Amino acid sequence: MTTTHPHPNTRTSTRKALRFATHYLEMVVAMIVGMVALAPLWPAEWVARPDVHAMTMAIDMTIAMALWMRIRRHSWPRTAEMSATMFLPFVVLLVPYWLGAISAMTVMVAAHVIMFPLMLAVMLWRRADYWH
């Protein structure tokens with residue numbers, strides 16, 4: 001009976017891919033924690049406005065995610081880049097909201113839906129910083 005073992009490079013690649021996926025999930029969890037933990041700090045009259053609420057939510061998610069990235073020893077440029085990636089969908093979608101072309105709910109849902117693949121795209125683009 002012959003036993004075959006995966007090639008060592010295959011095991012290494014699998015481990016790296018798992019760490020990459022885990023890091024992505026860690027950032028998502030940090031973002032959720034940020035939304036829950038920091039949302040009560042905003043004055044109610046501010047978040048009553050949907051556009052301000054969208055931006056405060058982006059701020060809350062970004063603070064927690066950036067903190068987690070720094071704990072994971074990512075550089076300031078990579079942290080700033082990922083933070084900008086998280087804000088981009090909100091900023092872009094607020095323009096049609098202010099023009100009356102889309103609803104506040106559309107801004108919130110679409111921004112979150114767009115943000116996650118954008119974050120993944122940045123991680124893949126900067127693979128050397130996330131694939132280790």
Side-chain angles (χ1 to χ4, degrees):
M1 178 185 251
T2 305
T3 304
T4 59
H5 296 286
H7 191 274
N9 289 339
T10 304
R11 283 194 302 254
T12 301
S13 293
T14 302
R15 248 191 330 265
K16 286 181 178 184
L18 184 59
R19 275 187 260 158
F20 180 88
T22 301
H23 183 60
Y24 180 81
L25 290 174
E26 287 172 357
M27 288 196 310
V28 171
V29 169
M31 291 161 52
I32 293 167
V33 169
M35 282 192 306
V36 172
L38 300 176
L41 302 178
W42 296 100
E45 54 276 359
W46 288 15
V47 295
R49 284 189 48 177
D51 52 351
V52 176
H53 184 225
M55 292 309 293
T56 59
M57 186 179 294
I59 291 167
D60 295 344
M61 289 187 295
T62 302
I63 288 170
M65 184 272 320
L67 177 62
W68 185 248
M69 286 185 72
R70 293 301 296 156
I71 288 169
R72 297 267 305 193
R73 299 183 186 207
H74 285 279
S75 68
W76 282 111
R78 292 298 73 79
T79 303
E81 181 178 72
M82 188 61 73
S83 297
T85 300
M86 292 173 61
F87 271 94
L88 183 65
F90 289 97
V91 172
V92 168
L93 290 169
L94 282 176
V95 173
Y97 168 75
W98 289 327
L99 295 172
I102 61 174
S103 69
M105 182 60 76
T106 301
V107 171
M108 286 298 219
V109 171
H112 284 87
V113 168
I114 294 166
M115 178 179 32
F116 293 112
L118 276 180
M119 290 171 57
L120 182 59
V122 168
M123 289 177 70
L124 290 169
W125 180 45
R126 300 286 194 188
R127 194 170 18 259
D129 293 303
Y130 297 96
W131 190 273
H132 46 83

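Everything quoted here is computed from the prediction, not taken from an experiment. All residue numbers refer to positions in the sequence shown, counting from 1.
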Over all heavy atoms of both residues, which pair between [X] and [Y] is shortest? Give the atoms and the distance, please.
X      : Y      : result
Ala58  : Phe90  : CB-CD1, 3.7 Å
Pro89  : Leu118 : CG-CD1, 3.8 Å
Ala64  : Ala30  : CB-O, 3.0 Å
Val122 : Glu81  : CG1-OE1, 3.6 Å

What distance do [X] atom [atom1] and [Y] atom [atom2] have between them, rounded to the nearest 0.5 Å?
X     : Y     : atom1 : atom2 : result
Glu26 : Thr22 : CD    : OG1   : 6.5 Å
Arg70 : Ser75 : CZ    : OG    : 7.0 Å
Met65 : Asp60 : CE    : CG    : 12.5 Å
Thr62 : Leu67 : OG1   : CG    : 12.0 Å

Joint hydrophobic cluster, [X] plus [Y], side-chain heavy atoms closer than 4.5 Å:
X     : Y     : value
Met35 : Leu41 : yes
Phe87 : Trp46 : yes
Val95 : Val91 : no
Leu38 : Val29 : no
Met57 : Val33 : no

Heavy-atom check, side chain of [X] versus side chain of [Y], under 4.5 Å:
X      : Y      : answer
Thr56  : His53  : yes
Pro50  : Val107 : no
Leu93  : Ile102 : yes
Met61  : His112 : yes
Leu120 : Phe20  : yes
Ile63  : Ile59  : yes
Val52  : Trp42  : no
Met31  : Trp68  : no

Crowding at CZ, Arg49 (>12 non-hydrogen neighbours, <6.0 Å): no
Looking at [X] and [Y], would you say the former's side chain and the latter's main chain have a donor-acceptor pair under 3.5 Å?
X      : Y      : answer
Tyr130 : Trp125 : no
His23  : Arg19  : no
Arg126 : Met123 : no

